[in-house]
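Heads up: the structure comes next, in structure tokens.
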Amino acid sequence: MMKKFTKPGLYLLLLGLAVAFPWLKFIGVDKYQIRIMTLAMAWAIAALSLNLILGYTGQASLAQGAFMGIGAYSFGILAQRAGLNFWLALPLACLITAFIGLLVGLPSLRTKGPYFAIVTLCFNVIVFKVFENWTWLSGGIQGQVVPQPAFLVQRWARYYFVLGCLVLVLVVMHFIVKSLLGVTLMSIRSNENLAEAVGINTFRNKLLSFVVSCFIVGLAGSLLAIENGQLDFTITSYLYSFYILIYVLIGGAATLAGPVVGAIGLYWLLDYMKKVGIKGVEEFRYLIFGLILILVVIYLPRGVVGGTKQFWEWAKTRFKKKKTGEVLE
Amino acid sequence: MTLLRVEGLTRLFGGLVAVNKVDFEVPEGNIVGIIGPNGAGKSTLFNLIGGSIPPTSGKVVFGGKEITGWNPHHVAREGIARTFQTTALFEELPVYVNLVIGRRMRTRSGLWDVILHTPRLRREKNETTGKVMEVLEFTGLGQYANEPAGSIPQEAQKRLAIGVALMGDPRLLLLDEPTGGVGMGETDNIIALIDRIRAMGITVCVIEHKMRMIMSLADRIVALNFGVKIAEGVPQQVCEDPSVIEAYLGECIA
Amino acid sequence: MSFFLNQLVIGVQIGSQYVMVALGLTLIFGILDISHFAHGHLYMIGAYLLYIVMVLGGINYWLALIICMAVLAVAGVVVERTVYRPLRGTPQINTFIAAIGLILMLETLVRGIQPKALSVPKPIDTTLRFAGITMEAQRLIVIVGAIVLIVLLQLFIKRTRLGTAIEAVAQDREGASLVGINVNRISALTFAIATSLAAAAAVLMAPLAFISPEMGSMLILKAFVIVVIGGLGSIKGAIVGGYLLGILEAMAIAYISSAYKDVFAFAVLILILAIRPTGLFRGRE
């Protein structure tokens, strides 16, 4: 009985905190913090998108940075240059990103493991170079202005909008994971050959999850663009692909909370380290970042959330043993 | 009626001939045993039929349809299910989830069903759950339903692999050494299971090493050696065939 | 015509660098199954070490070359022991991620200490002219140096006991350990060889361009392209692929456009893997 209520209870509590966040001035939440949280949540959406292909079909894509940039630019160009209404530009930007994802996925999803990682990384580098050099598209160093619709001019409005998107993405992913589709994706990660042998078209499923993930990361990119009000070609950097991968792995792949915890936690940590770090050498935070990554992949391969879950399970069985006094195997 | 017919099936690996112009037939409703020493090409034969490897030449005809060179998932949907010599399961997933996955190809729910919460999704989930309960009982795995597949005993894993294969309503079941690594007493469990499968009307093709077991179980036997078929017929016949006796050094027991 | 020849020579020189880096990578990837993405950054450390030893320490270029190769060999062994060995047996993507962590550490460490691009003087500062070709002596040094090292590597693998042991592990790791070949020792040795080759590439290349913290990034991507196309673990593939890419790139810069020169290699890779998902030549799966 207790079990049934603790999990949704926890989520409601977190949601409540998230909703109350901008008003918590007494613990020091100011305009800057709200902005950081908004950006962190957009990155969380990007991390969730990678989680769909990495945690559930087992493919490590290093092109999420490129797709994020494509989504951001699609939105910027549609909203500013084509003058489209916000409610039309946003979904359209996501669809464009998903479509390009389809074009990229078709040739590359036949490769596996590190080959797939390298192909996607190469794609990201190509996209970056194109945006860097094709100034008509990207606006070069000046970049592209991103218009904010009237209802999102206020900082807290943008915060709640991004929060709403994050919750929506989490809900949809929750339904996917619990469904027959989710089970199918997990089977591909678990044992691709067996999945094929039991009649699952692994290529089609991998492509589907890739396209959906591109749709979601396109949304993340657009949200980042809206929050920043402007864009330049650096948003397509392959470094962002690495960061998104790191957020997912440190938070814990194959869980829903993992990527969110990883993205928001690490984004805040990086920002905090910027202030605490030695003056003028804020770059050093990436050194610690890299060290954390190595340590996590060696000692905590299931990430913070996965590791916590594992520990919890272990603690429960130990506790049960103690109670019954039995010596289980 | 012949359910499966294999004609001139050949597979070369570089210079090595793993399977050499093999022909045989599997009549519907039968249990056909495939025997042969190690390296005779038995598993490769299953891989060719199941689509994991394309044949170099030859034909595979199933239920009157030619399925040569089809992708594994295509072959599975057509009605051929298989198990593998090294037990293949979704190890970190619970036993019942393994079974659910086995049923997936017979369901049609996709992304839109998930997002829109269609009645089809709910219906197929219920149907799948029903089938899972059936197969859990049929294979005697009820007690392990929630355990990770990799953590249950070896012999139960073998039964689970068969269960997963059954979830898809196959017409033909290819079993690759279903009693491999399993002790004497537990072998009988699996033999009984195969008998019950035959009773359900499913045709079975079994690769086996344990001669006594296959002789009593099979209706027909196909013997391979060095990729070549050396004998085919009822167990008694095959047992008395001189080339089979030679290959097995007289180990045959009628 | 002489313009074309000049470009060809430059292509061979660029290719020489690629080959030296790709050789190490293909050995590590092919023999040890490790996605050693940090190889390019160890190359970068080699270049910075040259600066320290040669410009700050005043040591002669050729001696510095030897020092850098030796030190980097040790660094490679340390990296293998501390970062990759704990991950043996886990899915290969884990080594990729650990490598990314290492890259971040190395790059920010260097950038934090010295963010400006540095340069190193040429040991022989002359321009050679022959057969209608004009080229700086340093380019010839790179080409010759690469050939010398490749030949030495081949001799080592074919003629020495350790070398044949490496080849044995490349073909069958389990079998090799059953025969008593020490896999740990082979791993360390492979990393030592690979990293010292990268150091040599860096030292030979350094006088021709600037040394910067991000100089390893593009290089490692291209090295992966070469290794994948040439076949994991295939020395021949790395050599052919490296020179080919170098020449094609030089031609692309000269005759097409220099802005997109990097893109060229990657587009080729995507094309090849789209047609043959496991690479061109058969290496290890």
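Remember, it's a predicted structure, so these values are computed and weren't measured experimentally. Keep in mind that the numbers below use all heavy atoms, side chains included, and drop hydrogens, waters and symmetry copies.
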Atom group of C/I97 that falls short of 4.5 Å from chain A, counting heavy atoms: both
I need the C/F96 CZ to A/L245 CG distance, nearest 0.5 Å. 8.0 Å
Should C/I270 and A/I126 count as side-chain neighbours, where that means a heavy-atom distance under 4.5 Å? yes
Turns out that what part of C/A267 lies under 4.5 Å from chain A's heavy atoms comes down to both
With a 4.5 angstrom heavy-atom cut-off, which part of C/L109 approaches chain A: side chain, backbone, both or neither? both
Against C/M105, only a single residue in A/I288, A/L293, A/I294 fulfils side-chain contact (heavy atoms from CB on, under 4.5 Å); can you say which? A/I294
For A/F203, I'd like to know if atom CZ has over 12 heavy atoms of other residues, nucleotides or ligands within 6.0 Å. yes
The interface call for A/L121 against chain C, heavy-atom contacts under 4.5 Å, is side chain
So do the side chains of C/S217 and A/Y238 get within less than 4.5 Å of each other, counting heavy atoms only? yes
CD1 on C/I103 to CG on A/L239, rounded to 0.5 Å: 9.5 Å
Chain C shares the most heavy-atom pairs under 4.5 Å, among A/V119, A/V296, A/I298, with A/I298
Select one option (side chain, backbone, both, neither) describing which atoms of A/V130 are under 4.5 Å from chain C's heavy atoms. both
Can you confirm whether C/V225 sits close enough to A/C122 that some side-chain heavy atom of one is under 4.5 Å from a side-chain heavy atom of the other? yes
Any A/F242 side-chain heavy atom under 4.5 Å of C/F37 side chain: yes
Select one option (side chain, backbone, both, neither) describing which atoms of C/T95 are under 4.5 Å from chain A's heavy atoms. neither
Sort A/L62 into side chain, backbone, both or neither according to what part of it lies under 4.5 angstrom from a heavy atom of chain C. side chain
Hey, does C/E107 have a side-chain heavy atom less than 4.5 Å from the side chain of A/L287? no
